[in-house]
Colleague: 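Quick one: the structure is below, questions incoming.
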2 protein chains.
Amino acid sequence: MQALSEIVHLSPSACHRRIQRLEKAGVIRDYVALTNARRLGRSTTVFVEISLSGQADELLDRFEKEVALIPDVLECHLMTGRYDYLLKVVAKDTEDFARIHRQSLARLPGVAQLQSSFALKTVFKTTAIPVD
Amino acid sequence: MQALSEIVHLSPSACHRRIQRLEKAGVIRDYVALTNARRLGRSTTVFVEISLSGQADELLDRFEKEVALIPDVLECHLMTGRYDYLLKVVAKDTEDFARIHRQSLARLPGVAQLQSSFALKTVFKTTAIPVD
DNA sequence: TAGTTAAACGCAATATTTTTGCGTTATACG
DNA sequence: CGTATAACGCAAAAATATTGCGTTTAACTA
């Protein structure tokens, strides 16, 4: 609050009340510590395109419920276009990804095709969503 | 520290020292507030595959430097395979993305091709990297 | 334009939390 | 088995967040 108050030229108490309002309004979802993936031994980022065997509502629900249980999967998006889901996965290395691929991803319900693309390097990454 | 200490069954001071160690070691990069993209008016997530006109080092550097300046781009990965870079972009809506596409992405140095894939829905999203 | 109302502000007191010093305990290594 | 190093908990001190309250600002109405 003090650091923030100096940045925005407001008193700490005013900042505090504004922040509380944002929390109550659900604009601020959570407070977290961002970690260095490499130093945690997760140097490999892979984007996985997944096609399902069908589009039945029940199938999508089952898939979404199951994929959420895999801790290696950081993001899951339902997509338009060539495939159904895009996953962002973090692995220790390529061999570790092979394990994730076989033991977790390929076994997800309804999966017809998996297309994996490896990141050679993450140029940058932020959680800061523009406000304007 | 107090909340954490209860979770891990340690005293607050012990937690504090461990956290400090993680900070110094660079395992913890930063502390941030995670925001609700929808409530900030950024409901649209788009993944953009970019192919450059060449692979010269100098071209890649220029591209990476420029793309980092676009606040709508939250992530940029150098990729193997069919294209060179994968971007994660957040837009207000599809029309807003059209603007970003024309005014920012298409004008990046060295861009040969842009292939955009829209997320219909973000099933889930986390910053929690597995520690095992 | 002046009056009224609601929202936001700063200050200062209070409450809570973090941070540090220190003696003790546990763990690892020779 | 002894010694050395690292980690622990407790309690005091320092820093920070939180709340109450009176004042100011801004917006809306007559």
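Below, all heavy atoms of this structure are taken into account, side chains as well, without hydrogens, waters or symmetry copies. All values reported here derive from a predicted model rather than from experimental measurement. Every chain is numbered from 1, with letters handed out A, B, ... down the list of sequences.
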Colleague: Taking all heavy atoms of A:Leu87 and all of A:Leu105, pick out the closest pair and write down the distance.
Modeller: CD2-CD2, 3.9 Å
Colleague: Kindly write out the residues that satisfy ring-ring contact (aromatic ring centres under 6.0 Å, His included) with B:His16, not counting sequence neighbours, or none if the list is empty.
Modeller: none
Colleague: Between the two end axes of the helix from C:dT1-D:dA30 to C:dG30-D:dC1, each built from 5 base pairs, what angle do you get to the nearest 10°?
Modeller: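 Computed angle between terminal axes is 50°.
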Colleague: From CE of B:Met1 over to C1' of C:dT20, roughly how many Å is that when rounded to an integer?
Modeller: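 B:Met1 atom CE is separated from C:dT20 atom C1' by 13 Å.
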Colleague: How far apart are the C-alpha atoms of B:Gln115 and B:Arg82, what are their side-chain angles, what is the distance that settles it, and do they pass the side chain to side chain contact (heavy atoms under 4.5 Å, CB included) test?
Modeller: CA-CA 11 Å; B:Gln115 162 84 253; B:Arg82 303 193 310 275; over 6 Å; no
Colleague: Rounded to the nearest angstrom, tell me the gap between atom CD1 in B:Ile19 and atom P in C:dT20.
Modeller: 14 Å
Colleague: Quickly work out the B:His16 NE2 to D:dG9 P distance and round it to whole Å.
Modeller: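 For the pair B:His16 NE2 and D:dG9 P, the rounded distance is 15 Å.
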Colleague: Show, in sequence, the C-alpha distance, side-chain angles and deciding distance for B:Leu10 and B:Arg18, and conclude whether the side chain to side chain contact (heavy atoms under 4.5 Å, CB included) test is met.
Modeller: CA-CA 11 Å; B:Leu10 234 59; B:Arg18 286 186 178 196; 3.5 Å; yes
Colleague: Does A:Gln103 have more than 12 heavy atoms from other residues, nucleotides or ligands lying within 6.0 Å of its CD?
Modeller: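 Yes - once you tally the heavy atoms of other residues, nucleotides and ligands closer than 6.0 Å, there are more than 12.
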Colleague: Between A:Tyr31 and A:Ile19, what is the shortest heavy-atom contact and its length?
Modeller: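 A:Tyr31 and A:Ile19 have their closest heavy atoms at OH-CG2, 3.3 Å.
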Colleague: Would you mind telling me which of A:His77, A:Gln55, A:Met79 makes a side chain to side chain contact (heavy atoms under 4.5 Å, CB included) with A:Asp84?
Modeller: A:Gln55
Colleague: Assign A:Arg18 to base, sugar-phosphate, or nothing according to its heavy-atom contacts below 4.0 angstrom with the strands shown.
Modeller: sugar-phosphate
Colleague: By the definition side chain to side chain donor-acceptor pair (under 3.5 Å), identify the one residue from B:Asp72, B:Thr35, B:Asn36, B:Asp93 that meets it with B:Arg42.
Modeller: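 Between B:Arg42 and the candidates, side chain to side chain donor-acceptor pair (under 3.5 Å) is satisfied uniquely by B:Asp72.
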Colleague: Report the distance from atom CG of B:Leu10 to atom P of C:dT19, rounded to the nearest whole Å.
Modeller: 16 Å
Colleague: Closest to the B:Ala14 side chain: C:dG10, D:dC8, C:dT19?
Modeller: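 So the side chain of B:Ala14 is nearest to D:dC8.
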Colleague: Output the residues of residues 20-30 of chain A in contact with DNA chain D, where contact means a heavy atom of the residue under 4.0 Å from an atom of the strand; sort by number or write none.
Modeller: A:Gln20
Colleague: B:Leu4 CG to C:dT16 P: how many Å, rounded?
Modeller: 20 Å
Colleague: Measure from the side chain of B:Gln2, starting at C-beta and using heavy atoms only, and say which of C:dT17, D:dG9, C:dC11 lies closest.
Modeller: C:dT17
Colleague: Check if the side chain of A:Ser13 and the base of C:dC11 share a donor-acceptor pair of N or O atoms closer than 3.5 Å.
Modeller: yes
Colleague: Quick check: are there more than 12 heavy atoms from other residues, nucleotides or ligands sitting under 6.0 Å from CZ of B:Arg29?
Modeller: yes
Colleague: Of all the choices, C:dC11, D:dT18, C:dT19, which nucleotide is nearest to the side chain of A:Arg17 once you look at every atom?
Modeller: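 Of the options given, the side chain of A:Arg17 lies nearest C:dC11.
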